[in-house]
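In what follows, chains carry the letters A, B, and so on, assigned in the order in which the sequence lines appear, proteins first and then strands, with residues in each chain numbered from 1. These numbers come from the heavy atoms of this one structure, side chains and all, not from hydrogens, waters or symmetry mates.
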Number of protein chains: 2
Amino acid sequence: MPAAKPKMSKETLLPLLASHVLTNGLGGASLRPLAKAAGTSDRMLIYHFGNKETLITELLDHIAGIYSAALDAAIGAERPKTRRECFERVMAQGSHPMMQPFMVLWWEIVAGSARGLPGYRDAAEAMIAKQLLWLEGQMPADDPDPAGGARYLLTLMEGTLMLNAVGHEVTARDGIPASGL
Amino acid sequence: MPAAKPKMSKETLLPLLASHVLTNGLGGASLRPLAKAAGTSDRMLIYHFGNKETLITELLDHIAGIYSAALDAAIGAERPKTRRECFERVMAQGSHPMMQPFMVLWWEIVAGSARGLPGYRDAAEAMIAKQLLWLEGQMPADDPDPAGGARYLLTLMEGTLMLNAVGHEVTARDGIPASGL
DNA sequence: CAGAGTATGTAGCACTCGCTACAAAAATAG
DNA sequence: CTATTTTTGTAGCGAGTGCTACATACTCTG
């Protein structure tokens, strides 16, 4: 017998949409390809979400949730000894090929947030807040100021990731002082 | 008599196109609005540039040139005394309202570069390289490692600007250690 | 001035966009 | 089972997309 209908809904649709957006981008996403990736029609996307804007907004929210869950799942076993070690470990994780689609999408979210597109700002804020919290939990146990250190490392990380994104890997690598942090 | 025809060409077109893109964004730019902003028709844009892709590429190159010239025009009179002073001065300049359209566009360029869109990467690379060079020239005169310091400050700056772009101004401000740099 | 090349306007093509009207099927309620 | 509501398919609308065909002007060369 043919596959039974999976009874689609926002909840079943969003993961499929997210997966499509992670590989194909967010800015150029249009209803018909999105629908095809989710096994439906544009007609049904509008039916479930009302219009494209709220679809994107809810999709961004969903993606922020995925990201948050991914961070939760990536808690290191033992705490790093130094801030530098923490930085390097987190950067290694963020540079992992598996995370690359996420990074590519991330800059699109930043761009949308900077331009004030609806939904982007909230998603970006949530993802940064989560990352900050997570980073704070990953700081060395004896760090005198974990919250401040997390903010500092986050700033360095994002600057480094951006330089990587635009092909300045060398600048990014040499931008981190050999000692200090 | 009516205004004489200014004899359009790539060179006369690009500044008008750049101005339109700076306020209206790059991703959603389409030929007809671009042409209208430049006082022409889509027909003529294709005539001069061949197709949209090379138009965007040349436009990005032109915008990188504008940015470079703006940096050249913004050389401080006297050198800062410390790296921190240098950082704060440069950040103040980058946060100036006048520069905001540039910053909004910048993240769009980063996103395009991360996604591998043609032309974006080269423009982003050029702008970062220019900024790095400029920053190096703005470092304190007695800095032991101006090139390394410039890379470090650039990393911090871009991380901070990104946090600003997504509404984490507080995180951005507190992400810079009170002493050290 | 004749002819050649360059520049520009008009109209339109094939396509995609977000979205809707209409109707039929499917599930649910009584 | 009947009646109502929820879910889905088909078809299409009006607008916008990049781009082209064709014809016309303009400008320069001989």
_Candidate nucleotides dT8(C), dC19(D), dC17(C), ranked by approach to the side chain of K52(B) - the nearest_ = dC19(D)

_Interatomic distance where CG belongs to L45(B) and C1' belongs to dA7(C) [whole Å]_ = 14 Å

*Any donor-acceptor pair under 3.5 Å linking the side chain of E85(A) with the backbone of K81(A)?*
yes

*Can you tell me if E108(B) and Y120(B) form a side-chain donor-acceptor pair at under 3.5 Å?*
no

*Could you tell me the separation between the CG atom of L31(B) and the P atom of dC15(C), rounded to a whole number of Å?*
19 Å

*I56(B) has an atom CD1; how far is it from atom P of dT17(D), in whole Å?*
13 Å

*Nearest-Å distance, OH (Y47(B)) to P (dC26(D))?*
15 Å

*Can you find a donor-acceptor pair, distance only, under 3.5 Å between D42(A) side chain and dC19(C) base?*
yes

*Which nucleotide sits closest to the side chain of M8(A): dT8(D), dC17(C), dG9(C)?*
dT8(D)

*asked:* Whole angstroms only, please: what is the CG-P distance between L13(A) and dT7(D)?
replied: 13 Å

*How close or far is atom C1' of dT10(C) from atom CE of M44(B), stated in whole angstroms?*
13 Å

*Taking CD1 from I46(B) and P from dT17(D), how many angstroms apart are they, rounded to a whole number?*
12 Å

*asked:* Side chain of R43(B) only, heavy atoms from C-beta on: which candidate in dT8(D), dC17(C), dT8(C) is closest?
replied: dT8(C)

_R32(B) (side chain) and dG18(D) (base): donor-acceptor pair under 3.5 Å_ = yes

_Quick check on E169(B): does its CD atom have over 12 non-hydrogen neighbours (other residues, nucleotides or ligands) under 6.0 Å away?_
yes

*Flag the pair I75(B) / Q138(B) as yes when at least one side-chain heavy-atom distance between them is below 4.5 Å, and no otherwise.*
yes

_If I take atom NE2 in residue H48(A) and atom P in nucleotide dG18(C), what distance separates them, rounded to the nearest angstrom?_
17 Å

